[in-house]
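Heads up: the structure comes next, in C-alpha cells.
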Number of protein chains: 2
Amino acid sequence: MAKLRARDDVSAEEEQVLRNLISETRDVAAKSTLIRAGQRITISTLLLEGLMCRYKDLNDGQRQISELHVAGDFVDLHSFTLKRLDHNIMALTACKIAVVPHERLQLLSHDHPHLTRLYWFTTNMDAAVHREWELSLGRRSAIARIAHLLSETHVRLGLVGLTNGLEFRLPLTQVDLAECVGLTPVHVNRTLKLLREDRVADMQRGRVRIFDLERLHAIAEFNPAYLYLEKEPR
Amino acid sequence: MAKLRARDDVSAEEEQVLRNLISETRDVAAKSTLIRAGQRITISTLLLEGLMCRYKDLNDGQRQISELHVAGDFVDLHSFTLKRLDHNIMALTACKIAVVPHERLQLLSHDHPHLTRLYWFTTNMDAAVHREWELSLGRRSAIARIAHLLSETHVRLGLVGLTNGLEFRLPLTQVDLAECVGLTPVHVNRTLKLLREDRVADMQRGRVRIFDLERLHAIAEFNPAYLYLEKEPR
DNA sequence: CGGTTAGTTGAGCTGGATCAAGCGTAGTGG
DNA sequence: CCACTACGCTTGATCCAGCTCAACTAACCG
C-alpha cells in the first residue's frame with residue numbers, strides 16, 4: 001500500500017477498496033513452490049512478509065530467477081489477465097501472503113478505473129525490472145551483476161522500511177543469488193569475496209552490508225529510474 | 001487487431017472503439033531511435049509495418065535489446081501507465097506506425113473495462129517475453145539462444161501472416177542479433193554457420209529459412225506457452 | 001555431537017570474447 | 001561503366017572470464 005502511495009495518490013476510500021480485495025491471509029513454507037507454470041489460477045498473491053521469486057528452468061535443471069519479490073509486492077497480479085503463468089513462483093523464505101480472488105479484481109476493473117490503472121502500472125514496473133535484468137544478464141560482468149542486484153534490493157527494501165541505512169536482511173543463499181544473476185554458485189562466491197575485499201559490500205548469512213554505496217552503484221552502473229520511485233503528474 | 005482476436009473475443013463495436021484510438025499514422029526511418037529512455041511521453045505507438053526493438057545500454061556503448069516488435073505489436077503501450085520509459089525504442093527497419101494519444105487510452109480505461117483488461121493483458125505478454133529472454137540470456141548456450149530467437153520470431157510473425165511456411169523475412173543484421181542474444185557479432189556469425197551446416201536453419205540477408213523445425217525447437221528447448229497463443233475461457 | 005546444508009578455495013578447462021584481416025556486394029559519383 | 005566506398009559478413013589466431021570438478025571448512029540443527 002505504501003508502495004502504491006509512493007507513486008500515485010490513493011484516497012482513503014480507494015484504500016478501503018484495496019483492503020477489501022483480500023479474502024484471507026496464509027503462511028507459506030520456505031523453499032516451497034507456490035505456483036507452477038501452466039496451471040490455471042483464479043487468485044493473485046500479495047506478499048506481506050518474506051522473500052519470493054519468479055523462475056523458469058531448463059530440462060537439465062538449470063534455473064533462472066527472473067525477479068525477486070519483497071514485502072508489499074503483488075507477486076502474480078499478472079495472472080489476473082494471463083490466467084496461466086509462464087513461470088513458477090517460489091517462496092525463498094517462510095512467507096506470509098494475502099490472497100486476492102480474481103473475481104474481486106474483475107469487479108475492481110469494472111468499477112475503479114483509477115485503481116485499475118495503478119495496478120496495471122505495477123505490472124508494468126515488473127516488466128521494467130525484467131528489462132533491467134536482461135541488460136545485466138546479457139551485458140554486465142559478474143561483479144557488475146551482483147553489485148546491481150544488491151543496489152536494486154537495497155532500494156526496494158528501503159521503500160518498504162526493511163533497511164537499516166546501508167544494512168539489510170537478504171536471506172538468499174549463494175545458489176539463489178547465482179540463479180538471479182546467471183552465474184555459477186562458485187563464481188558468485190568468488191565475486192562476493194572481491195566485493196568484500198575491495199570494501200564495497202559484504203553479504204554473509206543472509207545479511208548485506210554496503211560499505212561504499214557510491215562505488216557499488218558505479219560498479220553496477222545502477223540507475224534507479226527503472227524502479228519508478230517518483231510520483232508522476234498524471 | 002488479429003493478434004487480440006486470437007486471444008479473446010472482441011465485438012464489432014469494440015473493434016470500432018479500438019480503431020478510433022488512432023490519431024494518425026506515420027513513417028519512421030530505419031535505424032532511428034523513436035523514443036529515448038526518460039523522456040515524458042503522451043502517446044503510444046502501434047507498429048503497423050516493419051521491425052522495432054526496445055533496448056537499454058551501458059556507458060561503454062554495449063547494448064542489450066530486450067524485445068523485438070513486429071507488425072501488430074503495441075510497442076510502448078506501457079508508457080500509458082509509466083509516463084516515462086526505462087528503455088529506448090528504435091526502428092530496425094523503415095516502419096509504419098499508428099499514434100494513439102494517452103488521453104484516448106485514459107477514456108478507454110474509463111469506459112471500456114473489457115478492452116482495458118485486454119490491453120493490460122498485452123503488456124503482461126511483453127513481460128512474459130522478457131522473462132523468457134532472461135532465461136535465454138542467463139542459462140541457454142549460444143546456439144540455443146539463437147535457435148530460440150528464430151523459433152520465437154517464427155511463431156510471432158506467423159501469427160500476423162508474415163511467414164511463408166518455414167521461411168520468413170527477419171531484416172536483422174548480425175550485430176542486431178548479437179544485441180538480442182547477449183553475444184558478440186563474431187560469435188553469432190559462427191553460431192549461425194553451425195546451424196546452417198547442421199541443416200537446422202539458415203539466416204542470410206534478412207531472410208530466415210528453417211530446414212528442421214523440430215530440431216530447431218529441441219535445440220532451443222522452445223515452449224511457446226509464454227506467447228499465450230490460445231484463447232482462455234475468461 | 002553427528003549429520004546436513006551452505007560457503008570457500010584450488011586447479012585446470014572451455015565457450016565465447018577479442019583482435020585483426022579479408023571478402024562480397026550494393027550504392028554513388030565521376 | 002568503372003573506380004571507390006561503406007557496410008555487413010566471414011574467418012583465423014589468441015585470450016580470458018567464468019565454468020567444472022573436487023576437496024575442505026563453517027555454521028546450524030535436532
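Please read these numbers as outputs of a predicted model, since none were measured by experiment. Throughout, protein chains are lettered first and strands after them, A, B, ... in sequence-line order, and every chain is numbered starting at 1.
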If I take atom [atom1] in residue [X] and atom [atom2] in nucleotide [N], what distance separates them, rounded to the nearest angstrom?
X	N	atom1	atom2	result
His187(B)	dG12(D)	NE2	C1'	15 Å
Arg205(B)	dC9(D)	CZ	C1'	10 Å
Leu194(A)	dA17(D)	CG	P	11 Å
Met203(A)	dG7(C)	CE	C1'	12 Å
Leu177(B)	dT10(D)	CG	C1'	15 Å
Arg140(A)	dG18(D)	CZ	C1'	18 Å
Asn189(A)	dA17(D)	CG	P	18 Å
Glu179(B)	dA17(C)	CD	P	13 Å

Can you find a side chain N or O atom of Gln174(A) that sits less than 4.0 Å from OP1 or OP2 on dT5(C)?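 Gln174(A) to dT5(C) OP1/OP2: no side-chain N or O under 4.0 Å.
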Measuring to OP1 and OP2 of dA27(D), would you say a side-chain N or O of Gln204(A) lies under 4.0 angstrom away?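 Looking at the OP1 and OP2 atoms of dA27(D), neither is under 4.0 Å from any side-chain N or O of Gln204(A).
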Side chain of [X] (C-beta onward), nearest among [options]:
X	options	result
Ala142(B)	dT10(D), dG16(C), dG18(D)	dG16(C)
Leu183(B)	dC28(D), dA17(C), dT11(D)	dA17(C)
Thr184(B)	dA17(C), dG7(C), dT10(D)	dA17(C)
Lys193(B)	dT20(D), dT8(C), dT11(D)	dT11(D)
Thr173(B)	dG10(C), dG8(D), dT10(D)	dG8(D)

Salt bridge check: are [X] and [Y] linked by an N-O gap of less than 4.0 Å?
X	Y	result
Glu197(B)	Arg199(B)	no
Asp76(A)	Arg54(A)	no
Asp73(A)	Arg156(A)	yes
Lys31(A)	Asp176(A)	yes
Asp57(A)	Arg139(B)	no

Dot-bracket notation for DNA chain D is requested: 5' to 3', Watson-Crick or G-U wobble pairs only, both distances under 3.5 Å, with ( ), [ ], | and . as defined. ||||||||||||||||||||||||||||||
Do Arg140(B) and Val181(B) make a side-chain contact, defined as non-hydrogen atoms from C-beta onward lying under 4.5 Å apart?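 The answer is no, as the side chains (C-beta and beyond) never meet within the 4.5 Å cut-off.
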Has Glu67(A) got a side-chain atom pairing as donor or acceptor with Val129(A)'s backbone, closer than 3.5 angstrom?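 Not a single qualifying donor-acceptor pair exists.
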Whether the side chain of Arg190(A) and the base of dT20(D) hold a donor-acceptor pair under 3.5 Å is what I'd like checked.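 For Arg190(A), whose side chain was compared with the base of dT20(D), there is a donor-acceptor pair (under 3.5 Å).
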Students often mix this up, so state it plainly: with edges at 30° and 60°, are the rings of His78(A) and His87(A) parallel, tilted or perpendicular?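 Judged by the thresholds at 30° and 60°, the geometry between His78(A) and His87(A) is parallel.
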Take Arg139(A) and Pro185(A), find for each the nucleotide of DNA chain C with the closest heavy atom, and name the residue whose nucleotide sits nearer the 5' end.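 Closer to the 5' end of DNA chain C: Pro185(A).
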Looking for any heavy atom pair under 4.0 Å, which part of the strands does Thr191(A) touch: base, sugar-phosphate only, or nothing?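 Since no nucleic acid heavy atom lies under 4.0 Å of Thr191(A), the category is nothing.
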